[in-house]
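For reference, the structure is listed below as structure tokens.
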Amino acid sequence: MTMFSSTQIPHLMRTMVAGILGMPENHLRVITPEVGGGFGSKLNVYAEEALMCFIAKRIGKPVKWIESRRENFQCTIHGRGHVDYYELAAKRDGTMLGLKLKLIQDIGAYHQLLTPAIPTLSVLMMPGLYKFKSISADIIGAFTNCVPTDAYRGAGRPEATHGIERMVDILAAELKMDPVEIRLKNFVGNDEFPYATTTGLMYDSGNYAAPLHKALAAVDYTARRAEQVQAREAGKLMGIGISTYGEICAMGPSAALPAGGWESATVKIEPSGQVTVMTGASPHGQGEETTFAQITADELGVGINDVMVVHGDTSVVQYGIGTFGSRGTAVGGAALFYALQELKAKIRKFGVMLLGSENVSLVGGSCVDQSTGKSVSFAEMVVAAHHAKTLPPNTQPGLVATYFWEPPNFTFPFGAHIVVTEVDRDTGGIAIRRYIAVDDCGKVINPLLVSGQVHGGVAQGLGQALWEEAVYDDNAQLVTGELTDYALPRAHFMPFIESSHTETPSPVNPLGVKGVGEAGTIGCSPAVVNSVVDALSTLGVRHIDMPLTPEKIWKLIQAGGHA
Amino acid sequence: MKRTISLTINGKPYTDEVEPRLLLIHYLREVAGLTGPHIGCETSICGACTVMLDGRAVKSCTMFAVQADGRQVLTIEGLASNGTLDPIQEAFWNEHGLQCGFCTPGMILSTRQLLEDHPNPTDQEIRHGLSGNLCRCTGYQHIVNAVRAAAGKAGA
């Protein structure tokens, strides 16, 4: 049986659907064509997916199932859905000591694949970038008559970051300290890595002040604060909001994921010298076809157009876990790197054989005899491996390598977002004057793709902060169940995002990458809310729950800051 | 009762018998076999189904196939010629104006309309011109860059 599914996890889909239907796993082929976005909602096996296979088997005919947008809203999964309570302990000088929190998670009506794992991830990441001595957390999962919640871009980390970054600002306001100063005072220091958090994680590497300083310089923080004083004198509501976020990526060691957290790659060098890469981390818009071709071209010294990246077909590609949790390059790319090292070692053997010298090294695809300067080309070694007229000792013909990489740890990207807003007193509308995003996702392989991930992430964070909401009526009917009613960001709603980076390599994988798919979403919402709260602080506003709709803000202004 | 319609799609003549209630998007995808225009919402909000009808961008989920009788339709499949991308397609590629690609056919045809109305658009004109097309991946910034680049090329 062949199943075409729009999924982030083709192999896990096959294992689970075969299991559900009681059919041999190797009789089911799952093909994941161009998927059309995922963001966590396609990191599930839905009842319909198994049901369609069951029906097709039963009637012996092809079956096609396309959900409507309304069904998609009602029958997949939603994100977030937290009601959180925080208590923060700190010294008068701004040193943060401890955090006590209660997270109430709207589970929805059913458990989906990762539902209870999401608030758990929130608690793990609750320290953010700061040195807490202790954290106490209660998680309450509340079953409701709503759509189940599960992984949505960030999956637990946006919730944690929103909470801690709001609390830091509230503390700064209470102590009349600058929100920059209080962050710098509490950051984990550069000399403290690897850093063991009180929640049991081991932060891999970091330079937390660097992106903050870069963002402050970009926005010209001192000038903006001076401008804010003038704006306030003129009766304007101008705000400057900061978030310095940390996240947990490269999901992740197998101990942390029920079905394993490794990833696989196969590299095949064809007789012509063209290279086929097969990744188990099946992407859906992240651009792994490009990044993985870059990694391969760099390692083998071949042209990028000679590399074809194949994914998303369980009959072609070796077993893999999938793409989620900012793991594509940080785990899948690392598996590819190691597969390439195996192939390079094998190619080198053919170089040694053809040059008749042990003193050789691979340079830009060729193999060069260090003593004589003689070299053999990539093409010559590839042909020798395939024609196999003579072979190096203990060496098989052909050039194929498969590597399954188990990561020793997660990676921990970080960054600083600064948002300048102006609130319209008369309408409650929020104008974003500046959006600065400085993200450190470790080594950047493709700057254009990375900035695309940041922009898209910020758009989703901004949607969450300002407009998007799953609204139910008193009978638990979803009233925002169509795009007519659910407020997605449009092109003219979005500010220009000033995106840049600092690069702190991760020691966890050989590429030094950390992952960037979720960074924008995680960094965004607290920066926006901190900015609007800062704008309204002259009215005595201390906190506003998302989304910051004009109606909510207008009512707050009308009530003189008292909700 | 079925009606016979004759129209030109991407320069080729088509004649088909269709139910009067058949939406143009369903005609294009299921009868004409052109799956470039996508169905994202069926409520005329997302713009993934955008095609050109007699040179103007329309949402093909919001009109009937019979309304296209005797008219010219251009879909994303009609842009590239002999494997050479249209300048707008090339600009989207070069500027990373797409990620998952689902909204892209609609974005590109809306861009075509936008550049006809504003050959040298400001960023604000670009953003307003694309306000009827939703994208969940890009945050629109690289799309705006792509439109600007395409405008530059068309003007050159």
Under 3.5 Å side-chain donor-acceptor pair for B/T75 and B/N10: yes
Ring center gap for A/F493 and A/W467 short of 6.0 angstrom: yes
Heavy-atom neighbours of B/Q124 CD exceed 12 at 6.0 Å: no
Side chain / backbone / both / neither for A/P283 at chain B, heavy atoms under 4.5 Å: neither
Pair B/R3 + B/E17: basic N to acidic O under 4.0 Å: no
Toward chain B, the part of A/L462 with a non-hydrogen atom under 4.5 Å: neither
B/N133, part contacting chain A, at a heavy-atom distance under 4.5 Å: backbone
Largest heavy-atom contact set with chain B, pairs under 4.5 Å, which of A/A491, A/G456, A/G463, A/G38: A/A491
Between B/H142, B/H96, B/H38, B/R136, the one whose heavy-atom pairs under 4.5 Å with chain A are most numerous: B/R136
Side-chain H-bond candidate by donor/acceptor type, A/T291 with A/Q294, under 3.5 Å: no
Toward chain B, the part of A/Q460 with a non-hydrogen atom under 4.5 Å: both
Proximal component of A/F496, with respect to chain B [non-hydrogen, under 4.5 Å]: both
Under 4.5 Å from any heavy atom of chain B - which part of A/Q286: neither
Under-4.0 Å salt bridge between A/R157 and A/E518: yes
Max heavy-atom pair count under 4.5 Å with chain A, selected residue of B/C46, B/S131, B/C41, B/G101: B/S131
Region of A/S499 in contact with chain B, defined by heavy-atom distances below 4.5 Å: neither
Options A/R153, A/H284, A/E468, A/E482, ranked by heavy-atom pairs under 4.5 Å with chain B, top entry: A/E468
Side chain / backbone / both / neither for B/N145 at chain A, heavy atoms under 4.5 Å: neither
Among the listed options A/G452, A/A459, A/G287, the residue most often paired with chain B at heavy-atom distances under 4.5 Å: A/G452
Pair B/D86-B/R112, salt bridge (charged side-chain N to carboxylate O under 4.0 Å, His left out): steps then yes or no: CA-CA 10 Å; B/D86 160 273; B/R112 202 178 160 99; 3.6 Å; yes
Distance-only polar pair, side chains of B/S6 and B/T15, donor-acceptor under 3.5 Å: yes
A/H417-A/Y435 side chain donor-acceptor pair, cut-off 3.5 Å: yes
Heavy-atom pair count under 4.5 Å with chain A, highest-scoring of B/H128, B/E42, B/Q141: B/Q141
side-chain contact (heavy atoms from CB on, under 4.5 Å) partner of B/L24, chosen from B/C61, B/S60, B/P37: B/S60
Contacting moiety of B/T138, where chain A heavy atoms sit under 4.5 Å: backbone
